[in-house]
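The basis for the numbers below is simple: all heavy atoms, side chains too, and nothing from hydrogens, waters or symmetry mates. The model shown is predicted, which means the values in this text are computed figures rather than measured ones. Protein chains get the first letters and strands the later ones, always in sequence-line order, with residue 1 at the start of each.
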2 protein chains.
Amino acid sequence: MQDFQNRISFRINENVFLKDPLSSDLGKKIIRASIDLIEELGFDDFTFKKLATEISSTEASIYRYFENKHNLLAYLVMWYWRWIEYRLIMATMNIDDPKKRLDNCIQVLTEKVTEDMTVSQVNEVKLQSIVIEESSKVYLNKKVAEDNRHGFFVPYKDVVHRVASIIEEMRPDFKYPHMLVSTIIEGTNHQRFFTNHLPRLTNVIDGEDAVCAFYGEFTNKILEK
Amino acid sequence: MQDFQNRISFRINENVFLKDPLSSDLGKKIIRASIDLIEELGFDDFTFKKLATEISSTEASIYRYFENKHNLLAYLVMWYWRWIEYRLIMATMNIDDPKKRLDNCIQVLTEKVTEDMTVSQVNEVKLQSIVIEESSKVYLNKKVAEDNRHGFFVPYKDVVHRVASIIEEMRPDFKYPHMLVSTIIEGTNHQRFFTNHLPRLTNVIDGEDAVCAFYGEFTNKILEK
DNA sequence: CCTACTTGATAGTAATACTATTATGTTTGC
DNA sequence: GCAAACATAATAGTATTACTATCAAGTAGG
């Protein structure tokens, strides 16, 4: 983590970009505007041409930062998990009881992001929407092995491992800590998507964050002795 | 359900196709070959041109059956859930104990499909791979509201409701039956994908179907009083 | 045998995802 | 203060994709 313009910033694996977007004004504009545009248009209708118009630059200039739009999405998602990891660290700092540590982590993994949580120069509220609606496109394709070799999923894996290791500490006999954590993460994203678009596939409860409540309750039950 | 060529066949909502692919030889070839090709190339690299070459026909002919490749994928996924529903019906027939009914359903939802389970003219083994790797692309896009209005998700919702209603019968006070079922379904697909491509995000256990075991165990725990 | 319908053959279009080249402006080192 | 290095802009061009349109040929039923 390095400080940048008075705000937190995360180090992202170099394989995902051709030139570090945080190293120039144009790069930072690319990140900002791509978050706005992907959130607005959806990743499928998002193009480098539209992005270039948005920031009054050219397609060719954007291609100097990212090989393609797939890698740009991968960058944004990596950023998101590094930010979540940072929040996991904050949420478990100076807490000894593993049960409490785990509860706090589940809270971080499942809660809805609001403006006041943002710490970096990117818009984390929009970024969470992008993660919910688009992030699985980063791995659901035939390039997943190559991207994995290039470290595109390291930030995600680090988050899963961090929480799984608390579970292992609490319950060394539990056989599926990673499966539990990735189920919670992917499940949260799906349930939020369903709440917004296909509510009959989930349970929407007035005045309650049902997603948060469900996964919290459910983790406790599963780890009960 | 209608019988066709000595094999079971499912009725699929007409909005998804322009002409029923089961009504002609060419249509059936389109379905068969598209399953082979999507499984082989992945949905992103799959095109109607390649499909046309594969079946010695033309792009224009395929467009007479499906408006676009998105709707063809939606058709295949709808077929899959109709098949799963059929298997849920078989697995709960003549069983009175709701607990046992639920256990059988979870088994159907989480088990890996093998050749001997196939009942229809489509290759359900390949179809399950497609559902695991591609099905979320049917709803993860900006057309989801329109597709939902056209009934593209009815087979999926029917499966979720069928299983959720057993849970409601067992535990009328449980607040999240739909969330639980869709978490199991989506979770299973993710965990199978992770097992194949990103094993550090899950737990792979030798000589055990960990996915099946995890979601079975976990459902019991959550519904325990 | 005529009509309707299905498929094949061919052509064409707009948009996308890039690549390449050259020009212009700006910063940095000496 | 000036050249070299570098970043960006401007422009052009290509292959592929996702379609649409038109017409001809074959075939099936009444």
Handout entry: Neighbour count >12 (heavy atoms, 6.0 Å) for atom CZ, A/Arg162
Key = yes
Exercise for the section: Give B/Ser61 one of three labels, base, sugar-phosphate or nothing, depending on what nucleic acid heavy atoms sit under 4.0 Å from its own. Expected result: base
Problem - Earlier contact from the 5' end, DNA chain C, for B/Glu59 and B/Ile55 - result: B/Ile55
Exercise for the section: Output yes when A/Glu146 and A/Lys143 qualify as a salt bridge under the 4.0 Å nitrogen-oxygen rule, no when they do not. Expected result: no
Problem - Short side-chain N/O contact to D/dA9 OP1/OP2 from A/Ser57, under 4.0 Å - result: yes
Practice task
Using a cut-off of strictly less than 4.0 Å, decide whether B/Thr47 has a side-chain nitrogen or oxygen near OP1 or OP2 of D/dC19.
Solution key: no
Problem - B/Trp81 vs B/Asp158, side chain to side chain contact (heavy atoms under 4.5 Å, CB included): CA-CA, chis, key distance, verdict - result: CA-CA 8 Å; B/Trp81 293 117; B/Asp158 284 352; over 6 Å; no
Exercise for the section: Find the distance B/Phe46:CZ to D/dA18:P and express it as a whole number of Å. Expected result: 10 Å
Practice task
Check the distance between D/dA9's P and A/Lys49's NZ and give it to me in whole angstrom.
Solution key: 16 Å
Handout entry: Side-chain H-bond candidate by donor/acceptor type, B/Lys157 with B/Asn148, under 3.5 Å
Key = yes
Handout entry: For atom CD1 of A/Ile62 and atom C1' of D/dA7, their distance in whole Å
Key = 14 Å
Practice task
Using a cut-off of strictly less than 4.0 Å, decide whether B/Lys19 has a side-chain nitrogen or oxygen near OP1 or OP2 of C/dT6.
Solution key: yes
Problem - Among D/dC19, C/dT7, D/dA9, the nucleotide that comes nearest once only the side chain of B/Tyr63 is considered - result: D/dC19
Practice task
Grab the CG-P distance between B/Asp20 and C/dT6 for me, whole Å please.
Solution key: 12 Å
Practice task
Ignoring backbone atoms, establish whether A/Tyr65 has a side-chain N or O less than 4.0 Å from OP1 or OP2 of D/dA7.
Solution key: no
Handout entry: Pair of N/O donor and acceptor under 3.5 Å linking C/dC18 base with A/Glu67 side chain
Key = no
Problem - Backbone of B/Thr92 reached by a side-chain donor or acceptor of B/Asn104 within 3.5 Å - result: no
Practice task
Grab the CD1-P distance between B/Ile30 and C/dG8 for me, whole Å please.
Solution key: 9 Å
Problem - Phosphate OP1/OP2 of D/dA18: any B/Lys69 side-chain N/O under 4.0 Å - result: yes
